[in-house]
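Side chains are part of it too, since the values below use all heavy atoms of this structure and drop only hydrogens, waters and symmetry mates. What you see is a predicted model, and the numbers here were worked out from it, not measured in a lab. Lettering follows sequence order; numbering is per chain, from 1.
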Amino acid sequence: LTAPKHVLVTGATGVVGVEVANRLAGAGHAVLALVHRNQSLVLNNGKRLSTVGGPDPAGGTIACVRGDVTKPRLGLDAADYRRLQSSIGMIVHCAAIVDFGRAPAVYQSVNVDGTAAVLALAQAAPDGPPPLVHVSTAYVAGERRGTVLEEELDVGQRFANAYEESKCRAEGLVREAVAGGLPAAIVRPSIVVGATRTGAIRDFKTIYAVLKTLTEGRVRSIPAYYGATLDLVPVDYVADVVAHAALRFDDAVGKTLHAVSAAPLTLRDFSDVLAEYPPFHVPRFVPPETFDVERLPLLERKYYDRIVSLYESYFTRRVAFDNAATLEFMGRAPAMRLRPFLRRLLDYCMRVRFLGRPLPDVGTVLADLHSSDRPGGDGASADGVVAAT
Amino acid sequence: MSTEQTEPAAAGTVDVEQLRERVHRLARAMSPQPIDEITADTRLVDDLGYDSLRLLELAIALEMEFDLSGISADETVSITTVGGIEEFLLRVLGEGAGAP
């Protein structure tokens with residue numbers, strides 16, 4: 001008799017990874033959670049997952065393995081690496097940098113080289129490669145317009161940023177490995193946001209930073225089309241698709257699954273729903289042809305460059321992610337209708353005071369600091385800041 | 001670059017005490033959860049309540065206060081304490097002053 005094999009989940013502290021690890025352990029699997037620095041696993045609802053020590057968790061439990069997908073042998077010593085390799089019966093690869101605006105080398109190292117390292121782990125396993133569930137993104141489609149099919153990857157599209165390009169190359173590596181005999185399924189979430197029933201989200205990143213910048217009036221106009229679409233998908237649905245792909249791998253193998261919303265929101269939907277909230281500024285959408293970033297006031301320009309510009313391309317795209325294979329595999333799309341779901345997300349943000357109670361902006365803070373300086377101090381630069389806001 | 005009205009940081013004349021004082025005041029003023037006692041070891045996220053977005057705003061504030069151009073997102077991520085800001089500023093202000 002051999003011991004039941006473990007499921008290795010990379011990126012297990014991430015908002016999707018931790019939910020997947022929890023679902024797999026709940027289904028009775030012994031989960032090895034590959035974690036980088038942060039060793040605590042916190043679910044999207046804020047509850048901490050209990051973990052067990054040691055490299056050999058029992059079924060239904062989770063043990064953390066400290067490692068790093070950017071290091072040789074995942075940062076493990078040779079003996080630990082070999083033991084891991086022979087003990088895992090499946091890999092769920094969630095580790096990725098999803099923030100925008102980082103240096104290209106960061107995306108290369110984590111998203112591309114990290115995926116290559118996970119593939120190398122699988123391919124050299126002594127009993128043959130274990131099944132792999134690879135978490136990609138629907139935005140490997142880059143700046144494609146129209147309908148994107150699940151089986152399509154590289155059709156010569158342009159990418160808006162290093163993140164999209166890195167995830168496309170990572171998925172390309174997985175597909176090459178599949179051609180070489182690795183059994184794999186690929187899940188492509190769109191923009192991961194709060195939970196279906198509560199709207200709750202553990203980390204306010206990516207789209208939430210843009211939402212805050214816009215609704216607090218830090219940036220008041222953006223180049224955008226009302227008809228552009230943003231695909232927001234609840235985190236629980238994404239975790240369900242990834243976990244199902246692992247738990248029902250025989251059905252999922254060879255498939256690429258778009259874990260996306262039932263239908264994308266248009267920026268018109270966004271604009272209308274934001275206008276229902278009295279504390280919110282609603283950004284003015286300017287046709288991109290006439291938008292000139294140089295005409296923004298200095299401080300607004302800084303907010304724009306640092307936060308909003310990273311998403312600029314998303315405000316002009318009209319894209320739909322076909323999810324026929326996912327609907328067949330899961331039997332369902334995310335349950336909420338679009339506008340009610342957006343309201344639920346915003347209500348949660350208001351309730352936990354992420355939105356609706358802005359802190360003073362940079363101009364106000366600097367002006368206050370300098371107005372309390374002694375006369376003849378830094379007053380002149382404070383005036384410059386006030387004039388810029 | 002030419003609009004800065006505060007004392008320029010010439011090579012070798014960066015007033016470390018004054019810079020520290022300005023950084024502490026700014027980190028406190030921008031903080032979501034200001035605390036009275038700020039030291040070099042004060043952590044931006046755990047002690048002062050900064051989230052990723054407020055850290056970006058802090059970077060903007062530092063750029064404007066110290067007349068810097070573009071603190072990168074990677075630099076923002078790598079600075080975790082008030083002392084880290086001081087070290088970063090001493091480095092870039094020193095470099096800027098050393099340039100021809």
Side-chain angles (χ1 to χ4, degrees), chain A residues 37 97 99-107 162 203-206 208-213 216 218 298-308 310 352-355 357-370 372-373 376-389, chain B residues 1-9 15 18-35 38 43-46 48-80 82 85 89 93:
Chain A
R37 281 181 299 256
I97 296 284
D99 296 343
F100 285 5
R102 304 289 300 274
V106 175
Y107 299 106
D203 301 326
F204 295 104
K205 291 186 170 176
T206 65
Y208 285 94
V210 180
L211 204 53
K212 190 172 168 83
T213 305
E216 293 184 348
R218 310 288 211 236
L298 174 64
L299 182 58
E300 189 172 339
R301 168 79 192 266
K302 286 198 176 272
Y303 275 102
Y304 185 87
D305 285 347
R306 201 166 262 282
I307 299 156
V308 180
L310 303 174
V352 300
R353 302 185 176 188
F354 174 72
L355 295 181
R357 290 169 178 260
L359 292 164
D361 74 1
V362 170
T364 308
V365 167
L366 291 180
D368 284 354
L369 274 182
H370 292 301
S372 63
D373 284 349
D378 290 342
S381 75
D383 289 344
V385 168
V386 172
T389 55
Chain B
M1 289 293 104
S2 58
T3 58
E4 179 61 31
Q5 304 281 321
T6 54
E7 300 94 314
D15 183 334
Q18 192 213 26
L19 178 127
R20 183 166 296 152
E21 166 69 15
R22 285 167 76 190
V23 167
H24 287 202
R25 289 176 64 200
L26 189 57
R28 182 187 293 114
M30 288 293 296
S31 164
Q33 296 158 24
I35 56 174
I38 286 186
R43 295 166 300 177
L44 297 171
V45 173
D46 295 327
L48 292 173
Y50 281 89
D51 62 14
S52 54
L53 184 57
R54 197 61 178 171
L55 286 173
L56 290 178
E57 293 192 271
L58 178 61
I60 294 173
L62 289 165
E63 282 175 24
M64 296 184 82
E65 175 71 4
F66 293 94
D67 196 21
L68 307 170
S69 61
I71 302 172
S72 78
D74 293 295
E75 282 160 340
T76 310
V77 169
S78 70
I79 296 173
T80 58
V82 172
I85 302 175
L89 288 175
L93 293 174

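In this structure, the portions of B/I71 lying under 4.5 Å from any heavy atom of chain A include both its backbone and its side chain.
At distances below 3.5 Å, at least one donor-acceptor pair connects side-chain atoms of B/R22 with backbone N or O atoms of B/E65. Put simply, the side chain of A/R102 never gets that close to the backbone of A/Y107: no donor and acceptor are under 3.5 Å apart. Side chain of B/R43 to backbone of B/T80: no donor-acceptor contact under 3.5 angstrom is found.
For the residue pair B/A73 and A/G101, the shortest heavy atom distance occurs at CB-O, 3.4 Å.
Comparing A/Y303, A/F100, A/Y208 by heavy-atom pairs within less than 4.5 Å of chain B, the highest count is held by A/Y303. Ranking B/D74, B/L56, B/L26 against chain A, the residue ahead of the rest is B/D74, based on heavy-atom pairs under 4.5 Å. Of the listed residues (B/T76, B/V77, B/L58), the one with the most heavy-atom contacts under 4.5 Å to chain A is B/V77.
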